[in-house]
Asker: 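After the structure tokens below, expect a handful of questions from me.
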Amino acid sequence: MQSHLYKTETELRKMKVHKEGTGLLLALFTLIFIVNVTLYYTASKGLFYTVAFFTSVFFLLILNFFRSPYRRFPYDSEGLVIAPADGTIVAIEEVMENEILHKQCLQISIFMSIFNVHANWFPVNGTVKHVSHQNGRFMAAYLPKSSTENERSAVVITTKQGVDILARQIAGAMARRIVTYAKVGDPCHVDEQMGFIKFGSRVDVYLPVGTEVLVEMDQKVTGNQTPIARLSK
């Protein structure tokens, strides 16, 4: 089973703008259009072309951030934990999870840069057992303290085998809004989006101690595509 990014023709063909970015992008495009039209008629050509270039690049960067690719996990996902986000593995360690599960867990953390897709998928199939939001700080998301001190949302999913898996969305230094779609009692699947974090951020997954890890530190992973662990039967 491969863990690299699956850039299929279907995904590229169905790439679209995420619903969380449509309002911002429309407002930004309108502002940039007005500024550039005004400069075209009132400023020097040199200033107009300079501003037009930089505002266009800025708009394309924001557009790239809010891209929403079409993805489906290509194998049987039962028993697997799938990466809930694009990014880099920044932590694989046993920790005491004191906020929700209150037990020793295996934590796998994925850091998302501003260049990654920022949609978040459910890491396992099951039923949503718990959803909560905690206000906090906005320190850099790659720091270990961000898991417990930054603004964050938590989703607990119970698998068919009765195993509770905690996925925690964490705001970063630039992130100022976490969106969580999960609702308590809802069935969930790895092909469904769990939420979205606006700008640089992180997702932590807490698994039972002894779970087989399928990734390593600093590995690049792809949301809904890369298996990160295999649950014990």
Side-chain angles (χ1 to χ4, degrees), residues 1-5 73 77 79-124 126 130-157 159 163-175 178 180 182 190 193-232:
M1 187 174 297
Q2 297 176 330
S3 61
H4 64 272
L5 188 150
F73 187 67
S77 58
L80 293 174
V81 181
I82 313 302
D86 288 13
T88 304
I89 300 293
V90 294
I92 303 173
E93 59 185 342
E94 289 189 16
V95 299
M96 182 66 190
E97 204 294 304
N98 289 311
E99 196 169 287
I100 296 171
L101 298 178
H102 304 288
K103 64 180 181 180
Q104 197 77 8
C105 297
L106 172 65
Q107 175 185 330
I108 301 179
S109 301
I110 301 170
F111 172 72
M112 294 176 282
S113 76
I114 59 172
F115 299 107
N116 290 125
V117 170
H118 269 57
N120 301 149
W121 286 263
F122 289 104
V124 294
H130 168 94
V131 179
S132 61
H133 181 87
Q134 185 85 17
N135 293 325
R137 301 169 65 184
F138 294 97
M139 67 175 68
Y142 58 80
L143 296 174
K145 286 185 178 180
S146 67
S147 294
T148 55
E149 295 188 18
N150 278 19
E151 179 177 344
R152 55 202 179 275
S153 288
V155 177
V156 177
I157 303 153
T159 68
V163 180
D164 286 342
I165 306 299
L166 168 61
R168 178 174 283 135
Q169 300 171 280
I170 302 167
M174 295 182 64
I178 299 174
T180 304
V190 296
Q193 290 190 6
M194 179 177 69
F196 192 95
I197 311 178
K198 294 188 176 181
F199 302 103
S201 43
R202 163 178 175 154
V203 177
D204 293 347
V205 180
Y206 294 84
L207 308 168
V209 172
T211 297
E212 179 185 359
V213 179
L214 302 178
V215 289
E216 56 189 25
M217 289 291 293
D218 299 319
Q219 180 178 332
K220 303 295 183 183
V221 297
T222 304
N224 180 249
Q225 297 291 278
T226 309
I228 61 174
R230 180 180 288 109
L231 298 172
S232 301

Asker: Give me the atom names and distance for the closest heavy-atom approach of F111 to N116.
Answerer: O-OD1, 4.2 Å
Asker: Rounded at 0.5 Å granularity, tell me how far CZ in R152 sits from CD1 in I197.
Answerer: 12.5 Å
Asker: Let's go through L231 and T159 carefully: what are the C-alpha distance in whole Å and the side-chain angles of both, what is the deciding distance for side chain to side chain contact (heavy atoms under 4.5 Å, CB included) to 0.1 Å, and is it a yes or a no?
Answerer: CA-CA 10 Å; L231 298 172; T159 68; 4.2 Å; yes
Asker: Would you say the side chain of V81 lies within less than 4.5 Å of the side chain of I228, judging by non-hydrogen atoms?
Answerer: yes
Asker: Report the C-alpha distance between V156 and Y206 in whole Å, list the side-chain angles of each, state the deciding distance to 0.1 Å, and finish with yes or no for side chain to side chain contact (heavy atoms under 4.5 Å, CB included).
Answerer: CA-CA 9 Å; V156 177; Y206 294 84; over 6 Å; no
Asker: Quick one: CD1 on I178 to NE2 on H133, what's the gap to the nearest 0.5 Å?
Answerer: 5.5 Å
Asker: If every non-hydrogen atom of P208 is compared with every non-hydrogen atom of L106, which pair is closest and at what distance?
Answerer: O-CB, 4.0 Å
Asker: Locate the shortest heavy-atom distance separating S201 from I170; write the atom from each residue and the value.
Answerer: CB-O, 3.1 Å
Asker: Pick one: which of V203, T222, N120, T226 meets side chain to side chain contact (heavy atoms under 4.5 Å, CB included) with D86?
Answerer: T222
Asker: Roughly how far, to the nearest 0.5 Å, is the CZ atom of F73 from the CD1 atom of I82?
Answerer: 3.5 Å
Asker: Of all heavy-atom pairs between I100 and A154, which one has the smallest distance, and what is that distance?
Answerer: CD1-CB, 3.2 Å
Asker: Looking at every heavy atom in both P84 and I110, which two are closest together, and how far apart are they?
Answerer: CD-CD1, 3.6 Å
Asker: Strictly by modelled atom types, are S109 and R202 linked by a side-chain donor-acceptor pair under 3.5 Å?
Answerer: yes
Asker: Run Q107 and E94 through side chain to side chain contact (heavy atoms under 4.5 Å, CB included) and show every step you take.
Answerer: CA-CA 6 Å; Q107 175 185 330; E94 289 189 16; over 6 Å; no
Asker: Given side chains that start at C-beta, do those of R230 and L214 come closer than 4.5 Å, heavy atoms only?
Answerer: yes
Asker: May I ask you to test the E97-R168 pair for a side-chain heavy-atom distance under 4.5 Å?
Answerer: yes
Asker: Where do Q169 and T180 land on the side-chain hydrogen bond (donor to acceptor under 3.5 Å, both in side chains) test, with the steps shown first?
Answerer: CA-CA 8 Å; Q169 300 171 280; T180 304; 2.6 Å; yes
Asker: What distance separates I89 CD1 from Q219 CD, expressed to the nearest 0.5 Å?
Answerer: 6.5 Å
Asker: Please answer whether the main-chain N or O of L101 pairs with a side-chain N or O of E99 as donor and acceptor at a distance below 3.5 Å.
Answerer: no
Asker: Restricting to non-hydrogen atoms, name the atom on V190 and the atom on W121 that form the minimum distance, rounded to 0.1 Å.
Answerer: O-CD1, 3.5 Å
Asker: Going by side chain to side chain contact (heavy atoms under 4.5 Å, CB included), L207 matches just one of I108, V213, D164, V163. Which one?
Answerer: I108
Asker: Is M194 close to V155 at the side-chain level, that is, under 4.5 Å between some pair of heavy atoms?
Answerer: yes
